[in-house]
Enquirer: 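Could you have a look at this structure, given as structure tokens, before my questions?
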Amino acid sequence: MKPSIPRGTRDFGPAEMQKRQYIFNIVKTNFQLFGYAPIETPSMENISTLTGKYGEEGDQLIFKILNSRIHESKDDKKELLKKEFNSSLEKSYNSDLLTEKALRYDLTVPFARYVVMNNHAMTYPFKRYQIQPVWRADKPQKGRYREFYQCDADVIGSNSLINELELIAMMDKSFSELNIPVIIKFNNRKILSGIAEILNASDKIIDITVAIDKLDKIGKDGVIKELQEKGILETAIKQLEPLIDLSGSNDNKVNTLKTFLATSEIGKKGIEEIEFLLNNLKTLEIKHINIELDITLARGLNYYTGTIFEAKANAGTFTPSILGGGRYDDLTGIFGLKGLSGVGISFGIDRIYDVMEELALFPESVNKVSTTKILLANFGEAELIHCLGIVSKLRTEGINAEVYPDVVKKISKQFEYADKKQIPYVGVVGSNEMNQNTIMLKNMEQGTQKEVTTDELISILKEI
RNA sequence: GUAGAUGUAGCUCAGUUGGUUAGAGCAUCGGUUUGUGGUACCGAGGGUCGAGGGUUCGAGCCCCUUCAUUUACCCCA
């Protein structure tokens, strides 16, 4: 049988993991630098925890888990199971009899669930980070996987826009360290609500936001066409046009919005929030990222209510969104805990990897398959045992070292091994070296070699 | 769900209007070299051409069915 893995999933070899961990480490270090503490939640949640949080489309993408041991059910229950199965073949339908668990779709909803369950022991505002895989039953394609990692940082239990500012600072620092040219787009759901209110189409707010969100992709005409198809009135579309055309500096955009939304309370609140962010950006000393107010940014997730963020690479041909986030005023409300506002962002590490690969942004140091500094080659059983003592000393000094564990006929095989693993030094210990307590040290890159003592070896390897 | 592309050696792919025993590069193993890798040369192993059916004297190639992979739409990290 030919082995395979489920579509949309991937294996990661040592070379890829080296680079992935490089990204993880930078993101994680910055999370901690800004005061976030780690948590983890289970891969699976009760299905009722997840459904209804991601919109109709999102619900369809949740990976459901078939209840275990259903074959052991009693006969009358089996009849019921068959009926339930037939119903779910007809329409989208969750039956607890068939499936009561599902794989997590993101990290934010499980986090909200965690907060509600641990409310008694929580210190607010609570800042947590979480780096775990999530699963989506999407059709895989470029940059879209069925299993991928999210790196989330959220603060819950604080209304302050300072949190948004700090998140921006953290994005700047992280992307700057990763060396990815990035454009951060932001918007505010209150603006979108305000627009819908002004257009007298509050019930169509989702259709409107989804349509203008596509501006980049399908152009102005495409957006207008979609709005028409969704049954938005011509007069409303006419009214909306100046906003679709909106360009220029962030301040210009704010001014236009101010006139447009003058009679909408919620719209004015949104502008106020945006102005607060823009006015205080200067003190953050943003060095790396570009920040742009983009009122066409909508983002699909249902639970956002205030600021929304999205980041894309600002170079290369592969530019999917690599970070998303925003403020949700009442995510815990559905789990029975009212009045907790939260805001957070999520780095999409798999796409960040793809972008960095395309732009060749990984530093030389992680562009190799192994971190081993030296391989000790051996000529036989006695030398091998002798080498064990040497690597032990090296490891005590914090030097990554390994011995070739087998006695082989040809020494060249051991050099080949070191070469393939890109190990920079090979130490050869034959009977001569063993008797004199030395090592023949070969620099694999230069091809030179010299005989050294263990102490000399340690000081040489410590320098690289 | 809709539409397109692709399935040939472990991997990446050639394979002409349908014609003898299906090829290359890389990888693997062995040798040139029993104390020296990455370069070079010589050799070896490895294939039910995704699966099933059909047309034909003859099918990797044409037709039908099916499965898988992949790209785009929708939506999204």
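Since this is a predicted model, take the numbers as computed values, not measurements.
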Enquirer: Given atom CG of A:L297 and atom P of B:rC76, what is their separation to the nearest angstrom?
Expert: 11 Å
Enquirer: Establish, from distance only, whether the side-chain atoms of A:S370 and A:Q422 form a donor-acceptor pair under 3.5 Å.
Expert: no
Enquirer: Any luck finding a side-chain donor-acceptor pair between A:N163 and A:S158 under 3.5 Å?
Expert: yes
Enquirer: Measuring only the C1' atom in each nucleotide, how far is B:rU21 from B:rG38? A whole number of Å is fine.
Expert: 38 Å
Enquirer: Between B:rU2 and B:rG45, how far apart are the two C1' atoms, rounded to whole Å?
Expert: 47 Å
Enquirer: How far does the P atom of B:rG4 sit from the matching atom of B:rG43, given to the nearest Å?
Expert: 48 Å
Enquirer: Is the A:F31-A:Y129 ring centre distance short of 6.0 angstrom?
Expert: yes
Enquirer: Return the set of residues passing ring pair (Phe, Tyr, Trp, His ring centres under 6.0 Å) with A:F34 (not counting sequence neighbours), or none when no residue passes.
Expert: none
Enquirer: Give a yes/no verdict on a cation-pi contact between A:R136 and A:F63, requiring under 6.0 Å between NZ or CZ and the six-membered ring centre and an angle within 45° of the axis.
Expert: no
Enquirer: Could you tell me the separation between the NZ atom of A:K142 and the C1' atom of B:rC74, rounded to a whole number of Å?
Expert: 20 Å
Enquirer: Could you work out, with salt bridge (charged side-chain N to carboxylate O under 4.0 Å, His left out) as the rule, every residue matching A:R327, not counting sequence neighbours?
Expert: A:E164
Enquirer: Taking any heavy-atom pair under 4.0 Å as a contact, classify A:P140: base, sugar-phosphate, or nothing.
Expert: sugar-phosphate
Enquirer: Within the 3.5 Å criterion, strictly below it, is a donor on A:D152 or A:Y36 matched to an acceptor on the partner's side chain?
Expert: no
Enquirer: Would you say the side-chain atoms of A:Q150 and A:Q130 include a donor-acceptor pair closer than 3.5 Å?
Expert: no
Enquirer: Between A:K214 and B:rC75, does any side-chain N or O lie under 4.0 Å from OP1 or OP2?
Expert: yes
Enquirer: I want to check something: taking the side chain as every heavy atom from C-beta on, are A:I322 and A:K312 in contact at a cut-off of under 4.5 Å?
Expert: no
Enquirer: Could you check which residues of residues 37-46 of chain A get a heavy atom under 4.0 Å from RNA chain B? Sort them by number, please.
Expert: none
Enquirer: What is the distance, rounded to the nearest whole Å, between atom CD1 of A:I5 and atom C1' of B:rU69?
Expert: 12 Å
Enquirer: Do A:D59 and A:Y105 pair up side chain to side chain, a donor and an acceptor below 3.5 Å, judged on atom types alone?
Expert: no
Enquirer: Going by distance alone, is a donor N or O of one side chain under 3.5 Å from an acceptor N or O of the other, for A:T371 and A:N400?
Expert: yes
Enquirer: Do A:Y417 and A:D406 meet the criterion of a side-chain donor-acceptor pair at a distance under 3.5 Å?
Expert: no
Enquirer: Judged by modelled atom types alone, do A:D329 and A:S341 share a side-chain donor-acceptor pair under 3.5 Å?
Expert: yes
Enquirer: Heavy atoms under 4.0 Å is the rule here; annotate nucleotides 30-44 of chain B 5' to 3' with B where the base is hit, S where only the sugar-phosphate is, and - elsewhere.
Expert: -S-S-BBBB------
Enquirer: So what's the dot-bracket for RNA chain B: Watson-Crick or G-U pairs under 3.5 Å, [ ] if a pair crosses, | if it pairs off-strand?
Expert: (((((((..((((.....[...)))).(((((.......))))).....(((((..]....))))))))))))....
Enquirer: Mind listing the side-chain donor-acceptor pairs of residues 408-415 of chain A below 3.5 Å, one per line with the distance, residues two or more places apart or on another chain?
Expert:
residue : atom : partner : partner atom : Å
A:Q414  : OE1  : A:N378  : N            : 2.8
A:Q414  : NE2  : A:N378  : O            : 2.8

Enquirer: Under 3.5 Å, is there a donor-acceptor pair between the A:D455 and A:T453 side chains?
Expert: no
Enquirer: Taking atom types as they are modelled, is there a donor-acceptor pair under 3.5 Å from the base of B:rU70 to the side chain of A:K139?
Expert: no
Enquirer: May I ask you to list the residues of residues 347-377 of chain A, by number, that have any heavy atom positioned under 4.0 Å from an atom of RNA chain B?
Expert: A:G348, A:R351
Enquirer: Report all side-chain donor-acceptor pairs from residues 431-438 of chain A shorter than 3.5 Å, counting only partners two or more places apart or in another chain.
Expert:
residue : atom : partner : partner atom : Å
A:E433  : OE1  : A:G430  : N            : 3.0
A:N435  : ND2  : A:S431  : O            : 3.2
A:T438  : OG1  : A:E451  : OE2          : 2.7

Enquirer: Which residues in residues 143-154 of chain A have at least one heavy atom lying under 4.0 Å from any atom of RNA chain B?
Expert: A:G143, A:R144, A:Y145, A:F148, A:Q150
Enquirer: Taking RNA chain B as the partner, which of residues 167-176 of chain A come within under 4.0 angstrom of it by heavy atom?
Expert: none
Enquirer: I need the full list of salt bridge (charged side-chain N to carboxylate O under 4.0 Å, His left out) pairs touching residues 15-40 of chain A, with sequence neighbours left out, sorted by first then second residue.
Expert: A:K19-A:E357, A:R20-A:D350
Enquirer: Please report the distance, rounded to the nearest Å, between CD in A:Q130 and P in B:rA77.
Expert: 16 Å
Enquirer: Mapping A:G8 and A:S321 onto RNA chain B by nearest heavy atom, which one lands closer to the 5' end?
Expert: A:G8
Enquirer: Which residues satisfy the ring pair (Phe, Tyr, Trp, His ring centres under 6.0 Å) test with A:Y353, sequence neighbours excluded?
Expert: A:F362
Enquirer: Which class fits the ring pair A:Y328 and A:Y303: parallel under 30°, tilted 30 to 60°, perpendicular over 60°?
Expert: perpendicular
